[in-house]
Amino acid sequence: MMDENTCILVVDDHPIVSHGVSVLLTAAMPAVKTEQAHNGAEALKKAQTHTFQVFVLDVELPDMSGVKLMEALREKQPDAAFIYHTMHDEMWVVKQLMESGADGIVLKSDNVRELISAVEAVLEGDCYFSHQFESFCRSCEQEMPSDRELGILKGLAKGRSSKDIAEELFISENTVEFHRKRLFRRLGAANMAELLMKAVERGLLLV
């Protein structure tokens, strides 16, 4: 619920962006107060002395990821809502953000009204994902490896042969080879080491 005690911390390593977002939010919601931080350490320090109802976080910060920052801030202020405000729309980033448990996600290329709507929604206890972000999510779902491909990928990560993977998944070796080649194309990998590295980077495999 929005009132005169509502305070939002905008975290972005580009001062012109954090300032612009703060001006935008206070202009649309005069009762709201905003503060700014330009890295994770600064945000955590402010969270020790101030209570914030909403955190608006960039995903890529100089000292830590926005996802790691949200986890740390949520431990300090579990009742706060978290909105990612990001320029990233890559498949693996979209997947990571959706699984992070954020209350809202808005792209920096969205209409400015989307961010205002996101803040209003999370203050009411709802979630908000911008129309453009939801569109990217639908596209990513189509591009994500299938469950069978993920099973084969996990087998490859364990160093198992196509024959062993085929026996474990009750499929033919030819089917394993077909999906293995498809995984290489999907992830743009030239060899096995690169395939596994890219799979880890995109959150398809746990380290």
Side-chain angles (χ1 to χ4, degrees), residues 1-14 17-40 42-44 46-61 64-144 202-203:
M1 185 70 68
M2 191 187 312
D3 57 34
E4 66 276 4
N5 296 316
T6 300
C7 193
I8 300 171
L9 182 63
V10 180
V11 187
D12 197 293
D13 61 327
H14 295 94
V17 174
S18 60
H19 176 73
V21 169
S22 295
V23 169
L24 169 72
L25 295 177
T26 51
M29 297 171 281
V32 167
K33 300 182 182 71
T34 63
E35 292 194 25
Q36 301 171 43
H38 302 116
N39 55 57
E42 188 179 349
L44 289 168
K46 284 181 176 287
Q48 288 179 336
T49 56
H50 295 77
T51 299
F52 297 97
Q53 282 66 49
V54 180
F55 291 89
V56 177
L57 308 177
D58 192 7
V59 170
E60 196 170 290
L61 296 166
M64 68 178 71
S65 72
V67 174
K68 290 293 184 185
L69 177 59
M70 187 186 79
E71 291 173 356
L73 288 169
R74 184 162 271 165
E75 287 185 5
K76 294 179 179 296
Q77 301 198 20
D79 296 329
F82 293 84
I83 298 171
Y84 288 125
H85 187 221
T86 179
M87 62 181 287
H88 291 286
D89 55 20
E90 297 90 342
M91 177 180 69
W92 56 96
V93 177
V94 169
K95 181 176 182 290
Q96 184 182 38
L97 296 185
M98 288 302 295
E99 292 178 350
S100 70
D103 301 282
I105 302 173
V106 178
L107 300 177
K108 290 183 177 178
S109 56
D110 280 318
N111 184 290
V112 295
R113 181 65 213 177
E114 292 266 26
L115 185 56
I116 297 168
S117 296
V119 171
E120 291 174 340
V122 301
L123 283 171
E124 292 297 324
D126 297 322
C127 291
Y128 188 95
F129 304 102
S130 75
H131 295 85
Q132 189 177 187
F133 182 80
E134 288 189 329
S135 176
F136 281 125
C137 286
R138 288 191 291 271
S139 297
C140 287
E141 286 174 357
Q142 296 173 359
E143 291 298 320
M144 286 294 291
R202 300 179 186 195

Salt bridge (Lys or Arg N to Asp or Glu O under 4.0 Å) contacts touching residues 18-37 (sequence neighbours left out)
Glu35-Lys46
What's the separation between atom NE2 in His131 and atom CG in Leu107, rounded to the nearest 0.5 Å?
12.5 Å
Quick check: closest heavy atoms across Thr86 and His88, and the distance to 0.1 Å?
OG1-N, 2.9 Å
Do Met87 and Val17 come close enough that some side-chain heavy atom pair is under 4.5 Å?
no
Partners passing ring pair (Phe, Tyr, Trp, His ring centres under 6.0 Å) against Phe129 (at least two apart in sequence or in another chain):
none
Assess whether side-chain hydrogen bond (donor to acceptor under 3.5 Å, both in side chains) is satisfied between Glu114 and Ser130, documenting all intermediate values.
CA-CA 6 Å; Glu114 292 266 26; Ser130 75; 4.8 Å; no
Taking the side chain as C-beta and beyond, is there a heavy-atom pair between His50 and Cys7 under 4.5 Å?
no
Kindly indicate whether the side chain of Ile83, heavy atoms from C-beta on, has any atom under 4.5 Å from the side chain of Ile105.
no
List the steps and the verdict of side-chain contact (heavy atoms from CB on, under 4.5 Å) for Val21 and Asp12.
CA-CA 10 Å; Val21 169; Asp12 197 293; over 6 Å; no
Looking at residues at least two apart in the chain, or sitting in another chain, which of them share a ring pair (Phe, Tyr, Trp, His ring centres under 6.0 Å) with Phe82?
Phe55
Heavy-atom side-chain proximity of Lys108 to Asp58 below 4.5 angstrom
yes
side-chain contact (heavy atoms from CB on, under 4.5 Å) evaluation trace for Val56 with Leu9:
CA-CA 6 Å; Val56 177; Leu9 182 63; over 6 Å; no
Can Thr34 and Val23 be said to form a side-chain contact (heavy atoms from CB on, under 4.5 Å), step by step?
CA-CA 9 Å; Thr34 63; Val23 169; over 6 Å; no
Quick one: does Glu60's side chain get under 4.5 Å of Ser65's, heavy atoms only?
no
Candidate pair Val119 and Tyr128, rule side-chain contact (heavy atoms from CB on, under 4.5 Å), full reasoning
CA-CA 8 Å; Val119 171; Tyr128 188 95; over 6 Å; no
With a 4.5 Å heavy-atom cut-off, do Leu115 and Asp110 have their side chains touching?
no
